[in-house]
2 protein chains.
Amino acid sequence: MLDAAVKVFSRRGFHAASMDEIAEDAGISKPMVYAYLGTKEELFVACLHREGTRMMQAIAGAAAPDLPADERLWRGLRAFFGFVGAHRDGWAVLYRQARGEQPFAGELATMRARLVEVVAGMLDHALRAEGREIAAIDLEVVAYALVGATESLADWLADHPDADPEKTATRMMNVAWLGAAQLLHGVTWRPPVD
Amino acid sequence: MLDAAVKVFSRRGFHAASMDEIAEDAGISKPMVYAYLGTKEELFVACLHREGTRMMQAIAGAAAPDLPADERLWRGLRAFFGFVGAHRDGWAVLYRQARGEQPFAGELATMRARLVEVVAGMLDHALRAEGREIAAIDLEVVAYALVGATESLADWLADHPDADPEKTATRMMNVAWLGAAQLLHGVTWRPPVD
DNA sequence: GAGCATACCTACTCGTGCGTAGGGTTACGC
DNA sequence: GCGTAACCCTACGCACGAGTAGGTATGCTC
């Protein structure tokens, strides 16, 4: 039943999706949807929650914390893009939807914050191993940028049905890791004085 | 009047925003809004258009095409984050809104495609200067990731009213340019064979 | 000052879609 | 066979908000 909801929400968007259509698509009638899942908002949150949990699990399962940073990043990215590739309309559109609608932005922000935290933790760990340290806020912002770039490529992937998730992950590594590795080695860019 | 519309759309979101509220906020009555700007969708598109054009102009004006790549990137980013910083609720929320709602996704995709194209062109130019070349699709994807990372930081900036746009731009350079510079010098990351 | 047009408002219609009330149907106990 | 209970449906009430019709004031022409 959640599958049907995800499908319709994806295709129509939250507002344009009617409960009638979801019910029809699920092969039951509207009052049943209300009986099982509650209001439209609750239904959407349930979808969001399930997809989010699945995604986090896919990533967490792949990126064991005892691996070196680059290996973790690579496995995490591969799992992530694999997931998006397998749930194209599910993920990307739900995600895009949720960002726009205030009632869910918070829910999503929490999910994303967890991701950012994981990435930041990973970077921090790698930095300490190098005997280095940078301000927490800088770390957070870098992690934020990496997560953003990844989401952006996920959108790209969702819009290009023929693209290969694995290859996309490799490309992401090329952007993310080459830059991050520099930072880890203490190379930084400074604005020109003009 | 567009200012009022942008403000309300930002605060409420496209659907939750009522034409009554926009009219009230603009200090006129609803029929006037219809007389001047047409339907709600047209009004939203007008907002989107104005903000988008302003942003593109801000960037284009700062990043002259005859500068070296890193300098162009830096100036472009600085202009971009400066713009977002100055139009916090305008930009970020409009942008977030537009991605979710199908009727406007296309409009926005066009804008973003122009940005991606500019970034890709810049990278390509820099690559050729180094006597190198990579597949157009890879170039596009890298550019896409950079644009995504930048948007992500723009969101971050919009959510952190005290943050400094200039500093955010510097951080973005640290992520983007260090990675890109590596790519330009022919350094690439390859997946481990496992 | 009468006629007219322009600029604007108040107050309505009407469609749409969420959420629900109340009725039918099937299966089981007695 | 009849009561009853679980289950699901059709068909509606109701609120909300986009878009409009028709009326009012202000200023301009003759």
Side-chain angles (χ1 to χ4, degrees), chain A residues 1-52 89-90 93-108, chain B residues 1-52 89-90 93-108:
Chain A
M1 169 167 352
L2 277 177
D3 290 333
V6 169
K7 204 171 110 194
V8 175
F9 279 136
S10 300
R11 207 169 37 214
R12 303 277 187 216
F14 175 70
H15 283 280
S18 77
M19 293 299 266
D20 292 275
E21 186 174 356
I22 293 172
E24 189 183 354
D25 211 283
I28 55 175
S29 74
K30 201 157 52 131
M32 285 301 98
V33 180
Y34 279 90
Y36 288 124
L37 277 320
T39 72
K40 191 181 185 184
E41 284 204 5
E42 286 166 354
L43 175 57
F44 191 82
V45 169
C47 293
L48 202 55
H49 228 82
R50 193 188 61 167
E51 297 293 317
D89 48 317
V93 189
L94 259 184
Y95 197 86
R96 286 197 268 237
Q97 288 297 323
R99 299 200 63 176
E101 316 287 340
Q102 269 91 349
F104 316 118
E107 187 79 16
L108 195 72
Chain B
M1 168 163 356
L2 278 177
D3 291 332
V6 169
K7 205 171 108 193
V8 176
F9 279 136
S10 301
R11 207 167 38 215
R12 303 277 186 215
F14 176 70
H15 284 281
S18 76
M19 292 299 264
D20 292 275
E21 187 175 355
I22 292 171
E24 188 183 356
D25 211 284
I28 56 174
S29 73
K30 200 156 55 131
M32 285 301 99
V33 179
Y34 280 90
Y36 287 125
L37 278 319
T39 73
K40 192 181 184 183
E41 283 204 5
E42 285 165 354
L43 174 57
F44 191 82
V45 169
C47 292
L48 202 57
H49 228 83
R50 194 189 60 167
E51 297 293 317
D89 49 317
V93 189
L94 259 183
Y95 197 85
R96 285 197 269 237
Q97 288 297 323
R99 297 200 65 175
E101 316 289 339
Q102 268 92 349
F104 316 119
E107 187 80 15
L108 194 71

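Here is the naming used below: chain letters follow the sequence lines, and residue numbers restart at 1 for every chain. What's counted below: heavy atoms across the whole structure, side chains too, no hydrogens, waters or symmetry copies.
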Rounded interatomic separation in angstrom, taking CE from B/Met32 and P from C/dC8: 6 Å

Along DNA chain D (nearest heavy atom to each residue), the more 5'-positioned of A/Lys30 and A/Tyr36: A/Tyr36

Minimal non-hydrogen separation, B/Met19 against B/Thr39, with atom names: CE-C, 4.3 Å

Atom pair distance, as rounded to whole Å: CZ in A/Phe14 and C1' in C/dG17: 12 Å

For atom CG of A/Asp20 and atom C1' of C/dT16, their distance in whole Å: 11 Å

Side-chain H-bond candidate by donor/acceptor type, A/His49 with A/Glu107, under 3.5 Å: yes

Geometric class of the B/Phe44/B/Phe104 ring pair [parallel <30°, tilted 30-60°, perpendicular >60°]: tilted

Among C/dC8, C/dG19, C/dT10, the nucleotide that comes nearest once only the side chain of A/Tyr34 is considered: C/dG19

A/Lys40 NZ - C/dG19 P separation (whole Å): 8 Å

Sugar-phosphate, base or nothing in reach of A/Ala17, heavy atoms under 4.0 Å: sugar-phosphate

Ring-face cation contact, A/Phe9 with A/Lys40, 6.0 Å cut, 45° max: no

Touch class at under 4.0 angstrom, heavy-atom based, for B/Ser18 against every strand present: sugar-phosphate

Separation of atom NE2 in B/His15 from atom P in C/dG17, rounded to whole Å: 11 Å

A/Glu24 CD to C/dG17 C1', straight-line distance once rounded to whole Å: 15 Å

Separation of C/dC18 P from A/Leu37 CG (nearest whole Å): 14 Å

Opening and closing nucleotides of DNA chain D in contact with chain B, under 4.0 Å to non-hydrogen atoms: D/dA18 to D/dA21

Interatomic distance, A/Lys30 atom NZ to A/Ser18 atom OG [nearest 0.5 angstrom]: 8.0 Å

A/Glu101-B/His15 side chain donor-acceptor pair, cut-off 3.5 Å: no

Distance, nearest 0.5 Å, that separates CD of B/Gln102 from CZ of A/Arg11: 11.0 Å

